[in-house]
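Just the heavy atoms: all of them, side chains too, but no hydrogens, waters or symmetry mates, feed the values below. To find a chain, count down the sequence lines: A is the first, B the second, and so on, and within it residues start at 1.
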Number of protein chains: 2
Amino acid sequence: MNLKQLSALLGLSQTTVSRALNGYADVSEATRARVLAAAEAHDYRPNTRARALATGRSGVIGHVIPRINTHAMVNPIFADFIAGAGETYSQAGYEMLISVVDDGEEEKAYLSMKRRGLVDGLVVSAPRMNDPRIALLDEIGLPYAVHGRATGADRPYCWVDVNNRRAFARATDFLIDLGHRRIGLINGLETMDFAHRRRQGYEEALRARGLAPDAALTRQDEMTEGYGWRAARDLLALPDPPTAFLVSSVICMLGVRRAIDEAGLVLGRDVSAITHDDQLSYLRDDGPVPTFTATRSSVREAGQRLARMVIDRIDTPQVPHVHELLEAELIIGRSTGPAPG
Amino acid sequence: MNLKQLSALLGLSQTTVSRALNGYADVSEATRARVLAAAEAHDYRPNTRARALATGRSGVIGHVIPRINTHAMVNPIFADFIAGAGETYSQAGYEMLISVVDDGEEEKAYLSMKRRGLVDGLVVSAPRMNDPRIALLDEIGLPYAVHGRATGADRPYCWVDVNNRRAFARATDFLIDLGHRRIGLINGLETMDFAHRRRQGYEEALRARGLAPDAALTRQDEMTEGYGWRAARDLLALPDPPTAFLVSSVICMLGVRRAIDEAGLVLGRDVSAITHDDQLSYLRDDGPVPTFTATRSSVREAGQRLARMVIDRIDTPQVPHVHELLEAELIIGRSTGPAPG
DNA sequence: AGGGCTTTCCAAAGCGCTTTTGAAACTGGA
DNA sequence: TCCAGTTTCAAAAGCGCTTTGGAAAGCCCT
């Protein structure tokens, strides 16, 4: 059933039926009711492609995810982020298009999407320092919003980010309050903006309390369970090991806990640890008292907000750029306690 | 730059330019070369929407993922599966559309996608027993392929699945060979087809070796770390505890290991465990000898194959339904050893 | 009765492609 | 030289929608 057939069936013109369906004022309420009823009865849906061609808008928002060949890694937050964004899109009548491209081909992908008129807007993920994608998107004129910030990008843009600096500063502060003086940082790759900011927060908090950051106590790498284990094991083997850890993700934290267990220590008594918790649905820390003390911020919610932001940007491109800085909650669980001794 | 402008620029008709670009034979090689050069020079890309309208094919394949409100869970394999499928799509010139819908609205979503001409084909995930979606898709005439099988579906359809039954039978066999007699099963929800088949394999292998399955040794639930921990803890607290476990996912396995550690036991010596390993990129078990003995099968590869299967289905709908049963590898790691005593 | 408004509808153009149909130019054979 | 057959291109008709630019009908007022 298409518009032509539906209007023939009603004895009306395509114009009238189209305008009735789209809520224009220049059609009487009586005929609008008739049209609506007929559309309902025949389960009519306007053809997306035709509408897109006629209006010049596709109703689709793109997410480009780089495929990293060298270490075929998919970001673990991807699923929950997409789920959050997808919820908002479907409520707003948008569709989500995901394009997997070779690493480094992202800019080419953006251009191609624009040229082909595939999407109305884009979500940019995992910004790096001085990320060139931002300038490119402004240049080609595609609305977008960024998940995270790109330190060094000199132009204004829309973003949603967690206050990583503050979160890790608070966590560090909390550990210092508990009497910890040697605090290890098991960070993500610091080419990633969020990891960079977390280190800043960590170091600032240490300095604010008169403690000098010790490079020997910090590690950075891709955040796997194995990395968490190796990093914690190595740090615990130091002559003067840390009594507490800051850990960049729950997956890492699972490895850290393993290393602590294997060292014959008790987490929360002999060694404390705070992790950042993105509230990944398959790693959620339920129970009355959470297992891990954590800086908690829902990546799913970030997805929702970012989706909303892109949609707003598409609807009203002229308004000034907006930002949302989400504060992480400090959740006290059982993985922290007073410094021993 | 659109077709009209490009053809005006070349002094050719739109027809000729279009057919030159699309590789038709009725355009001389000389003009084809001219067209190709001009298209390249101006970075011309045909407008997707217009092409879709003209050809009746959108070049888009849909993935519908249900949003489960009650326990906002996203399947952990989602990210890697999507990454695999996305790789194949982009190589084949397709786009991937992901639609997040409320749980139970999947059938409505399929219908709507068909009516609106949004997608050329669909990937169906997480089939349940007697899944009604299969009949629906046949009825509305959308090409599709299923990730997994739906026990009880009486009609033929295309699928890619892991041989879960065989994998768990082999793992059980392996444990029996090591001398284990009491083997616990920490399974996923058995309303899910794959979990159902895993239990079958487990029980068949036990019976084949003259062992009676003991319901007291099995658990099923959503596969989180916490569930793995609780299940293993409870089973280890039995008067006559199992000496080995079969575990449904690596995330679960992390919880199982924790319970074993906390019980003061050593994994691979006092207690053995085999997990199924989907090779999730952020949980990959690297190192010379893997930490976990596992039945291993790449969900990323499953995504690639499924994507290929849908594309083939779109191209040639008349050919008989095809299936791919992927055999899981049994990887011997350090989490298994001879039964104690 | 006639002019200006408002309300309600429609014909037709257009979005940017593909594809059908057919025409022009060129070829070779008798 | 003429005709049939081939090669190469173009005009125009769609694809299914939205939107522009009226037009017809009804209303009120003078």
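For A:D26 against C:dC9, a side-chain-to-base donor-acceptor contact under 3.5 Å is present.
B:L3 places its CG atom 13 Å from the C1' atom of D:dA10, with the value rounded to the nearest Å. Between the CG atom of A:N22 and the C1' atom of D:dT18 there is a distance of 8 Å, given to the nearest Å. Summarising the geometry, the separation between CG on A:L6 and P on D:dT18 is reported as 12 Å, rounded to the nearest angstrom. Following rounding to the nearest Å, B:Q14 (CD) and C:dC15 (P) show an atom-to-atom distance of 11 Å. Going from atom CZ of A:R51 over to atom P of C:dC17 covers 21 Å, rounded to whole Å. Atoms CZ (B:R32) and P (D:dT7) sit 14 Å apart, rounded to a whole Å. In this structure, A:L53 places its CG atom 13 Å from P of D:dC15, rounding to the nearest Å. Look at CG on A:L10: it is 12 Å from P on C:dC9, rounded to the nearest Å.
One N or O on the side chain of A:H323 and one on the backbone of A:Y157 form a donor-acceptor pair closer than 3.5 Å.
Remark: B:T15 is not in phosphate contact with D:dA10, judged by side-chain N or O atoms under 4.0 Å from OP1 or OP2. In this model, the phosphate group of C:dC17 is not approached by any side-chain N or O of B:S18 to a distance below 4.0 Å at OP1 or OP2. Using a 4.0 Å cut-off, no side-chain N or O of B:N47 falls inside it from OP1 or OP2 of C:dC15. Residue A:Y44 places none of its side-chain N or O atoms closer than 4.0 Å to OP1 or OP2 of D:dG16. For the pair B:S28 and D:dC9, the criterion of a side-chain N or O lying under 4.0 Å from OP1 or OP2 is met. Using a 4.0 Å cut-off, no side-chain N or O of B:Y24 falls inside it from OP1 or OP2 of D:dC9.
Using a 4.0 Å cut-off between charged side-chain N and carboxylate O, A:R308 and A:E324 make no salt bridge.
As judged by a 4.0 angstrom heavy-atom cut-off over every strand, A:R19 is placed among the base-contacting residues.
Nearest nucleotide to the B:A54 side chain, out of D:dA10, D:dG14, D:dT18: D:dG14. Nearest to the side-chain atoms of B:T55 among the listed nucleotides D:dT19, C:dG16, C:dT19 stands C:dT19.
B:R115 pairs with exactly one of A:N47, A:D43, A:T48 by the side-chain hydrogen bond (donor to acceptor under 3.5 Å, both in side chains) rule, that one being A:D43.
For B:T16 and B:A50, each mapped to the nucleotide of DNA chain D holding its nearest heavy atom, the one lying further toward the 5' end belongs to B:T16.
Nearest heavy atoms, B:E107 versus B:P132: OE2-CG, 3.6 Å.
At least one side-chain heavy atom of B:Q304 sits under 4.5 Å from a side-chain heavy atom of B:E87.
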